[in-house]
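One structure below.
All values reported here derive from a predicted model rather than from experimental measurement. Letters A, B, ... are given to chains in the order of the sequence lines, protein chains preceding strands, and every chain is numbered from 1.
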Amino acid sequence: MRVMTKPAIVNIEHVGQHAGEEVTLQGWLYNLRESGKLLFPIFRDGTGILQGVVSQKEQPTAFEALHGLGQESSVIVTGKIRPEPRAPGGFEMGVTHVEVVGRVKESEPYPIQLKEHGVDFLLDRRHLWVRTPRQASILRIRAEAIRAGREFMDAQGYTLADAPIFTPAACEGTTTLFEVQYVDDQKAYLTQSGQLYSEALAAALGKVYCFGPTFRAEKSKTRRHLTEFWMLEPEASYAHLEDMMALGEGLVSHIVQSVVRNRRRELETLKRDIPKLEAVLPPFPRITYDDAVAILQQRGNPAKWGDDFGGDEETILSSQFDRPVMVHRYPAAIKAFYMEPDPLRSELALGFDMLAPEGYGEIIGGGERISSYDLLVKRLRENNLPEEAFQWYLDLRRYGSVPHAGFGMGLERTVAWICGTEHIREVVPFPRMIYRVYP
RNA sequence: UCCCCGGUAGCUCAAUGGUAGAGCAUUCGGCUGUUAACCGAAGGGUUGCAAGUUCGAAUCUUGCCCGGGGAGCCA
């Protein structure tokens, strides 16, 4: 007697390896085109989309099951895979069996159509919007960027040591922090950076990085801002500004090249200009703040020495180069209190920013930290920061202080640049923005 | 906080002072190679809210609400 074997369950991304075989897909009905007694359902399973074809004459049962079925109904379908130049993707399933797992009711059709929608509408339905191939591709690229970033840091000898999310006080003032009710009457704040904690951990472990969410209550409403975003923050003892610029360029180029290598299909779905990403290899250009001001003035920008750069200035600077540019040695006055001064010119801070190409703005900010106890106390006082809250941080300078440096890489800005998205909100599963926390 | 733009059918939009429309979606009918399929028909509206001007307001005025983009601040 014959043994009936069940067809293998396969993912659509691997369907090309099963040409000529009968396979089963578990997914959703992405679209249904009907042409008389012939149906062209398009299935998606999260790894891709695949067109099916069903003839009423040859497969009446499968035809009836799919006929009139609503978009995004969940289905398990079986059929033979064959090359088909007329089908998107080059392969097609001749559907022989259909199991409708979850039918979408006609009275409540799936709201997101295969057409343009407004931002407000899509953001209110982010829980459904993520199903579209474009959004799913972005989220896969995000995952690859995280994997590659951690792979690089680990290979460089950095130990993952995460910073807390509840913090007792502001790093740099409380106005941009989210305050939360802690136990009893205590107040706590959501972290705006793991850096200060990473400095402590770097003195314990040598080279560390943290990777987690950070929170900013700034009322920024731009395509570059979220209230909750993820940062990868390395910190290394006995490290200097130049070490961090080399690390940053290595990290960013490794992330970009890993995405190009491992998520090419997704970049193609996004219609990203891949050669532009392939060019993102070390060395990245390094220019001083002085150079940057000169470049801006040459281009007719009214920037003066001592000004911080806004979005326009960043766009002009980054557009001069085909890969990220690092601007270093800013005036100390416009940088954070903990930045080490340049020993050659004390009005400068040993900090740097990395600006992504194509106007995506600052993706890395960092530099060398003050190692002198006396100077750090002086800077705390100059900035009117509460010394009591920073006693543990001052301890790092009391007990075996060393030169050390680090930076923070904004994940979403980096991924938005890699994906070429119009807005940073598309590169996080559920974006948190000022005035928008649903769903 | 400030500046600019927007809000009309479930969605995307049109209608600039004179009867509120189209495409998509939904329902019904047709179509054996579709490509956001196509063709025909039907149902679907307190034009964000409130007040004002006017014979008449989606349209003009004022206030409010909501959203978007930018500045500041930042990654």
Side-chain angles (χ1 to χ4, degrees), chain A residues 30-42 49 51-59 63 68 70-72 84-90 92 94 104-125 132-134 171-173 175-177 192-195 213-233 248 252 307-315 334-336 353-356 360-366 407-417 422-425 427-428 433-436 438:
Chain A
Y30 176 66
N31 192 22
L32 179 63
R33 288 190 284 266
E34 306 200 35
S35 179
K37 298 186 169 44
L38 206 54
L39 299 182
F40 295 96
I42 297 184
I49 61 172
Q51 175 171 291
V53 62
V54 193
S55 148
Q56 186 178 34
K57 194 170 146 196
E58 290 162 29
Q59 300 294 343
F63 186 96
Q71 188 193 354
E72 286 298 316
E84 171 52 71
R86 288 171 293 186
E92 184 176 79
V104 173
K105 287 193 280 188
E106 291 80 359
S107 58
E108 290 178 290
Y110 186 67
I112 299 178
Q113 301 173 32
L114 276 61
K115 61 172 227 176
E116 295 290 328
H117 287 285
V119 171
D120 191 41
F121 178 80
L122 291 170
L123 285 172
D124 281 343
R125 290 160 187 78
T132 64
R134 176 182 162 81
C171 297
E172 300 157 39
T175 52
T176 63
L177 293 183
Q192 64 176 177
S193 167
Q195 180 204 315
T214 61
F215 306 87
R216 303 275 169 93
E218 294 151 2
K219 295 200 173 169
S220 299
K221 289 174 62 176
T222 85
R223 69 186 71 186
R224 299 188 307 279
H225 288 86
L226 298 169
T227 53
E228 176 183 320
F229 65 97
W230 286 61
M231 277 207 293
L232 193 160
E233 297 178 274
V252 169
D307 292 347
D308 205 353
F309 300 145
D312 288 351
E313 288 76 27
E314 289 179 354
T315 301
I334 57 171
K335 285 290 171 185
D353 288 346
M354 184 188 290
L355 307 178
Y360 283 89
E362 182 185 341
I363 54 174
I364 283 180
F407 63 77
M409 183 194 78
L411 178 73
E412 284 79 10
R413 285 189 183 174
T414 304
V415 175
W417 158 54
E422 180 69 17
H423 197 297
I424 192 173
R425 65 188 160 217
V427 309
V428 60
M433 295 177 291
I434 193 80
Y435 308 133
R436 193 183 279 279
Y438 177 92

Classify the side chain of [X] versus the base of [N] as yes if they form a donor-acceptor pair under 3.5 Å and no if they do not.
| X | N | result |
| --- | --- | --- |
| Q51(A) | U34(B) | yes |
| T176(A) | C73(B) | no |
| S220(A) | G70(B) | no |
| R413(A) | C74(B) | yes |

Whole angstrom value for the distance that separates [atom2] of [N] from [atom1] of [X]:
| X | N | atom1 | atom2 | result |
| --- | --- | --- | --- | --- |
| E314(A) | A71(B) | CD | P | 9 Å |
| E84(A) | G33(B) | CD | C1' | 8 Å |
| L38(A) | G30(B) | CG | P | 16 Å |
| R224(A) | A75(B) | CZ | P | 12 Å |
| F40(A) | U32(B) | CZ | P | 11 Å |
| K37(A) | G29(B) | NZ | P | 12 Å |
| E218(A) | A75(B) | CD | C1' | 9 Å |
| D120(A) | G48(B) | CG | C1' | 12 Å |

* May I ask you to test the Q192(A)-T214(A) pair for a side-chain heavy-atom distance under 4.5 Å? => no
I'd like a table of atom pairs between the protein and nucleotides 38-46 of chain B - only N or O on both sides, under 3.5 Å - with the distance next to each one.
none

Nucleotide nearest [X] when distance is taken to its side chain, options [options]:
| X | options | answer |
| --- | --- | --- |
| S35(A) | C73(B), U32(B), U26(B) | U32(B) |
| F229(A) | A75(B), U26(B), G68(B) | A75(B) |
| E362(A) | A75(B), U26(B), G33(B) | A75(B) |
| V119(A) | A75(B), G33(B), G68(B) | G68(B) |
| T222(A) | G33(B), A71(B), U32(B) | A71(B) |

* To do: Apply salt bridge (charged side-chain N to carboxylate O under 4.0 Å, His left out) to R86(A) and list each qualifying residue two or more places apart in sequence or on a separate chain.
  => E84(A)
* Asked: Who are the salt bridge (charged side-chain N to carboxylate O under 4.0 Å, His left out) partners of D307(A), not counting sequence neighbours?
  -> K304(A)
* Structure fact -> Base-pair string, RNA chain B, Watson-Crick plus G-U, cut-off 3.5 Å on both distances, | for inter-strand, is (((((((..((((....[..)))).(((((.......))))).....(((((..]....))))))))))))....
Those residues that, when tested against [X], pass side chain to side chain contact (heavy atoms under 4.5 Å, CB included) (two or more places apart):
| X | answer |
| --- | --- |
| L38(A) | F40(A), V53(A), S55(A) |
| P109(A) | none |
| K219(A) | I434(A), Y435(A) |
| L123(A) | V119(A), W129(A), R425(A), P431(A), M433(A), R436(A) |

* Closest heavy-atom pair and its distance - V252(A), M409(A) -> CG2-SD, 4.3 Å
* Structure fact -> Between F309(A) and E313(A), the two heavy atoms sitting closest are CB-CB, 3.7 Å
What does [X] touch in the nucleic acid at a heavy-atom separation under 4.0 angstrom: a base, only the sugar-phosphate, or nothing?
| X | answer |
| --- | --- |
| E58(A) | nothing |
| I112(A) | nothing |
| Y435(A) | sugar-phosphate |

Would you say [X] reaches [N]'s phosphate, i.e. side-chain N/O to OP1/OP2 under 4.0 Å?
| X | N | answer |
| --- | --- | --- |
| R436(A) | C66(B) | no |
| R223(A) | C74(B) | no |
| H423(A) | G69(B) | yes |
| R425(A) | G69(B) | yes |

Span that lies between the [atom1] atom of [M] and that of [N], in whole angstrom:
| N | M | atom1 | value |
| --- | --- | --- | --- |
| A15(B) | G21(B) | C1' | 7 Å |
| U27(B) | G67(B) | P | 33 Å |
| G6(B) | G48(B) | C1' | 11 Å |
| C3(B) | C39(B) | P | 48 Å |
| G17(B) | C13(B) | P | 23 Å |
| G43(B) | A58(B) | C1' | 23 Å |
| G23(B) | C73(B) | C1' | 43 Å |
| A57(B) | A50(B) | P | 15 Å |

* To do: Check ring-ring contact (aromatic ring centres under 6.0 Å, His included) between F63(A) and all other residues, then give those that pass, not counting sequence neighbours.
  => H67(A)
* Asked: How many angstroms lie between atom CG of L355(A) and atom OH of Y360(A), to the nearest 0.5 angstrom?
  -> 14.5 Å
* **Nearest-0.5 Å distance that lies between atom OG1 in T227(A) and atom CZ in R216(A)** => 11.5 Å
* Report yes or no: does E233(A) contribute a side-chain atom to a donor-acceptor pair with the main-chain N or O of G194(A) at less than 3.5 Å? => yes
Validation: residues 410-417 of chain A side-chain donor-acceptor distances under 3.5 Å, sequence neighbours left out:
residue	atom	partner	partner atom	Å
E412(A)	OE1	W230(A)	N	2.9
E412(A)	OE2	R142(A)	NH1	3.0
E412(A)	OE2	R142(A)	NH2	3.2
E412(A)	OE2	W230(A)	N	3.4
R413(A)	NE	R224(A)	O	3.1
R413(A)	NH1	E362(A)	O	3.0
R413(A)	NH2	R224(A)	O	3.2
T414(A)	OG1	G410(A)	O	2.8

* For E422(A), which residues count as a side-chain hydrogen bond (donor to acceptor under 3.5 Å, both in side chains) partner, sequence neighbours excluded? -> R223(A)
Under 3.5 Å between N/O atoms: give me all the protein pairs with nucleotides 2-11 of chain B, atom names plus distance.
residue	atom	partner	partner atom	Å
G10(B)	N2	Q113(A)	NE2	2.5
C11(B)	O2'	H117(A)	ND1	2.6
C11(B)	O2	K115(A)	NZ	2.3

